[in-house]
Amino acid sequence: MRDLVRNVRLWFAPQQVREEGNTPDYRFSLANERTFLAWLRTALALIGGGFAVDQFLPDLRWGWRVGLALALLAAGVLCSLRAVNHWIRCERAMRRGEDLPASRFPALLSVVVALVAVAMVAVVLLGFAG
């Protein structure tokens, strides 16, 4: 828990990361940043999908529409927060010469997106109109 609080503080003060360990090869830092940006693009797509479900499926039953939209929005929020946390953790590990941190988040996100997709298939095939 203490490490999480420290990481959250580093989100807003990345210059403090430079105080740890040695400067890694810039290519690794840039690759870490590209990964961060890819996660942000994924988060934006999930958030956009949540709004699209809510706005463009008005005939869908309220519970289904809100449930699917909130699942996508929540996944987008988690994805964006996880992106910055993973970026800091990787940058610190590279500076310290440690192994990069492992994460279950990609698997969790994949399962959530798959469940929403299955629900959307059910909506399309069974026509859960309001």
Side-chain angles (χ1 to χ4, degrees):
M1 181 68 168
R2 188 174 158 201
D3 199 37
L4 175 65
V5 172
R6 176 164 165 64
N7 282 344
V8 170
R9 276 189 275 158
L10 288 175
W11 293 2
F12 303 101
Q15 68 277 8
Q16 290 181 4
V17 174
R18 291 183 173 181
E19 297 172 7
E20 296 189 35
N22 300 315
T23 303
D25 185 332
Y26 72 91
R27 293 173 291 184
F28 299 127
S29 290
L30 292 174
N32 190 28
E33 186 175 334
R34 284 190 302 274
T35 302
F36 166 73
L37 294 172
W39 280 103
L40 283 185
R41 285 190 301 272
T42 302
L44 287 170
L46 289 166
I47 291 167
F51 280 117
V53 165
D54 184 54
Q55 294 299 308
F56 298 120
L57 297 175
D59 295 333
L60 191 60
R61 285 186 188 158
W62 182 84
W64 277 97
R65 185 174 45 119
V66 170
L68 292 171
L70 288 178
L72 288 167
L73 291 169
V77 168
L78 289 175
C79 190
S80 65
L81 294 174
R82 182 66 180 122
V84 68
N85 188 51
H86 189 70
W87 176 77
I88 287 290
R89 290 174 60 214
C90 286
E91 193 66 29
R92 289 178 71 202
M94 286 188 299
R95 289 182 159 279
R96 294 174 177 172
E98 299 172 353
D99 289 339
L100 294 179
S103 175
R104 291 185 189 107
F105 185 77
L108 175 67
L109 181 63
S110 297
V111 168
V112 168
V113 170
L115 290 174
V116 170
V118 167
M120 290 301 295
V121 167
V123 165
V124 169
L125 291 177
L126 301 175
F128 289 122

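In this chain, residues are counted from 1 in sequence order.
To the nearest 0.5 Å, atom OG1 of residue Thr42 and atom CD1 of residue Ile47 are 11.0 Å apart. Separating the CG atom in Asn32 from the CZ atom in Arg27 is a distance of 15.0 Å, to the nearest 0.5 Å. The distance from the CH2 atom of Trp64 to the CH2 atom of Trp62 is 14.0 Å, given to the nearest 0.5 Å. With rounding to the nearest 0.5 angstrom, the SG atom of Cys90 is 11.0 Å from the CD atom of Glu98. Atom CG of Asn22 sits about 8.5 Å away from atom CZ of Arg95, to the nearest 0.5 Å. The structure places CG of Asn85 at 12.0 Å from CH2 of Trp39, a figure rounded to the nearest 0.5 Å.
Of all heavy-atom pairs between Ile88 and Trp11, the closest is CG1-CD1, 3.8 Å. Counting all heavy atoms, side chain and backbone alike, Pro101 lies closest to His86 at O-CE1, 3.9 Å. Residues Arg89 and Ala102 share a closest heavy-atom pair of NH2-O, 3.7 Å. Between Ala69 and Asp54 the shortest heavy-atom distance is CB-CB, 4.0 Å.
Taking the side chain as every heavy atom from C-beta outward, Arg18 and Thr23 never approach each other to under 4.5 Å. A 4.5 Å side-chain heavy-atom check between Thr35 and Trp87 finds every atom pair outside the cut-off. Taking the side chain as every heavy atom from C-beta outward, Leu57 and Leu68 never approach each other to under 4.5 Å. Between Met120 and Leu72 there is no side-chain heavy-atom pair separated by less than 4.5 Å.
Hydrophobic clustering keeps Val17 apart from Leu100 (ILVMFWY residues linked when any side-chain heavy atoms are closer than 4.5 Å, directly or through intermediates). Under the 4.5 Å side-chain contact rule for hydrophobic residues, Leu115 and Leu70 do not share a cluster. Phe56 is not connected to Val116 by any chain of hydrophobic side-chain contacts under 4.5 Å among Ile, Leu, Val, Met, Phe, Trp and Tyr, and they are in different clusters. Cluster annotation: Leu10 is connected to Leu81 through the hydrophobic network of ILVMFWY side chains, with a link wherever side-chain heavy atoms come within less than 4.5 Å. Linking ILVMFWY residues whenever their side-chain heavy atoms come closer than 4.5 Å, directly or via other members, leaves Leu37 and Phe28 in distinct clusters.
A salt bridge links Arg92 to Glu20: at least one charged side-chain nitrogen sits closer than 4.0 Å to a carboxylate oxygen.
Judged by distance alone, the side chains of Arg82 and Ser103 do bring a donor and an acceptor atom under 3.5 Å apart.
Applying the 6.0 Å contact sphere to CG of Asp99 captures no more than 12 heavy atoms from other residues, nucleotides or ligands.
Among Leu109, Leu44, Val113, the single residue meeting the side chain to side chain contact (heavy atoms under 4.5 Å, CB included) criterion with Cys79 is Leu109.
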